[in-house]
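Following: one structure in structure tokens, then a few remarks.
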Amino acid sequence: MNAPDHKVRLGFLPEGDDDGLWRIAAYRDAIAQPAWGVCFNTDCPTEFVTAFTTALAKAYEEGPESYLARPLVGSEDRGSFLGVVPLLQRGWVIDRPRWGVFAIDSPDGLAHLEYTTGDLDPEAELTTRDARWHIWAGTSVNHPYWYATASTDTPVSLLAAVTDSISPRYLFRGPARGPLASGPGMTVAPCRWDDLGGGVTGSVGAVGDADQRSDHRPAGRNARPCPGGRSA
């Protein structure tokens, strides 16, 4: 699905090289590299994708100053901290699981939002799970029940829409196959993997079959490789 000016693109990739089912990207120039990109994997709950695309459709109507509004340190309306406020208000707990990673965990310890500090590889952010923002569920970061990622310049308003939609009612329900929201003039067209920052080159920490994942993982779905492992 493409915006009229092709500066926002949404790809549904059920037959992609990894389990990144939904890949969404925005561009400052239609023929340039993505300004930001997000990914929701095969088992990610539908509500998270819908919340994101609803907020994105609204931001697109407002213009590039909204859908390309990169986070700004110290800003009252664009500070990265705003993305985690909905979770803190629900009792999520701050954690430091490993060096360079700031995390917030759900009260039961089964859902997590991670923010990686420091410099990151822009291409890796779009093609692996080594992105600035990483939301996942489970007890092992390398073998999550589901996950979603967002690159450094993803607007905080869009991230907050996702974190505000997180509810225990469907944390382990998945998968994210719709419904989706779209803005005026959005058109559907065949999606190429490279259009959305695809092209995974590695599968460190990949999951090959269901018995490699936690016993709490919902039955009835085949596990597929993750787009790159997370750094320990």
Side-chain angles (χ1 to χ4, degrees), residues 3 7-10 20 22-28 32-41 44-45 47-97 100-106 111-126 128-137 146-167 171 176 180-183 196-197 230:
K7 290 184 178 180
V8 174
R9 303 174 189 171
L10 183 152
W22 294 102
R23 289 187 181 273
I24 306 168
Y27 304 75
R28 291 185 175 86
Q33 292 296 310
W36 58 258
V38 302
C39 173
F40 298 90
N41 89 319
C44 198
E47 286 81 1
F48 304 165
V49 185
T50 302
F52 186 90
T53 56
T54 299
L56 177 57
K58 180 177 182 295
Y60 181 78
E61 290 184 29
E62 295 171 351
E65 68 280 0
S66 183
Y67 71 83
L68 292 176
R70 60 181 300 180
L72 293 177
V73 176
S75 171
E76 293 185 1
D77 58 352
R78 291 168 59 181
S80 297
F81 180 74
L82 298 176
V84 304
V85 168
L87 302 180
L88 292 175
Q89 291 175 336
R90 295 171 188 163
W92 286 43
V93 181
I94 296 174
D95 187 20
R96 292 299 298 268
V101 176
F102 167 85
I104 300 179
D105 303 323
S106 63
H112 320 267
L113 180 149
E114 296 183 349
Y115 178 89
T116 300
T117 61
D119 295 331
L120 297 178
D121 181 338
E123 182 177 355
E125 285 200 82
L126 298 173
T128 76
R129 286 169 57 215
D130 289 318
R132 183 72 62 191
W133 298 92
H134 182 222
I135 306 173
W136 60 282
W146 55 259
Y147 68 85
T149 63
S151 66
T152 297
D153 288 343
T154 305
V156 175
S157 61
L158 305 185
L159 293 167
V162 176
T163 56
D164 190 50
S165 73
I166 294 177
S167 166
L171 274 179
L180 298 176
S182 61
L196 297 157
R230 297 287 292 183

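Numbers for residues simply follow the sequence, beginning at 1. Basis for what follows: all heavy atoms, side chains included, without hydrogens, waters or symmetry-related copies. Every value quoted in this text rests on a predicted model; they were computed, and no experiment measured them.
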- Message: Please check if the number of heavy atoms outside E65 that lie under 6.0 Å from its CD is greater than 12.
- Response: yes
- Hey, mind stepping through L88 and I94 against side chain to side chain contact (heavy atoms under 4.5 Å, CB included) and telling me if it holds? CA-CA 8 Å; L88 292 175; I94 296 174; 4.1 Å; yes
How many angstroms lie between atom [atom1] of [X] and atom [atom2] of [Y], to the nearest 0.5 angstrom?
X    : Y    : atom1 : atom2 : result
S75  : L82  : OG    : CG    : 7.5 Å
L126 : L120 : CG    : CG    : 11.0 Å
R78  : E76  : CZ    : CD    : 13.0 Å
L113 : S106 : CG    : OG    : 11.0 Å
T128 : E123 : OG1   : CD    : 9.5 Å

Does [X] use its side chain to pair, donor to acceptor, with the backbone of [Y] at less than 3.5 Å?
X    : Y    : result
R70  : T152 : no
R96  : V101 : yes
N41  : Y147 : yes
S151 : W36  : no
T117 : G100 : yes
S66  : G63  : no
R90  : D164 : yes

Could you check whether any side-chain heavy atom of [X] comes within less than 4.5 Å of a side-chain heavy atom of [Y], counting everything from C-beta outward?
X    : Y    : answer
F52  : F40  : yes
T116 : H134 : no
D121 : D130 : no
W133 : E114 : no

For a quick test of reading the model, state the closest non-hydrogen atom pair linking [X] to [Y] and the distance between them.
X    : Y    : result
V38  : A150 : CG1-CB, 3.7 Å
R28  : A35  : NH1-CB, 3.2 Å
A131 : T149 : CB-CB, 3.9 Å
L68  : A26  : CD2-CB, 3.9 Å
T53  : I24  : CG2-CD1, 3.9 Å

- Query: Taking I104 as the fixed residue, which of T163, I135, V84 is the one that meets the side-chain contact (heavy atoms from CB on, under 4.5 Å) rule?
  - Reply: V84
- Query: Parallel, tilted or perpendicular: which fits the ring planes of H112 and W136, with parallel below 30° and perpendicular above 60°?
  - Reply: parallel
- Query: Would a line drawn from the ring center of W146 to the ring center of F48 be shorter than 6.0 Å?
  - Reply: yes
- Task: Any chance you could lay out the ring pair (Phe, Tyr, Trp, His ring centres under 6.0 Å) test for Y67 and Y60, step after step, and finish with the verdict?
- Result: CA-CA 6 Å; Y67 71 83; Y60 181 78; 5.4 Å; yes
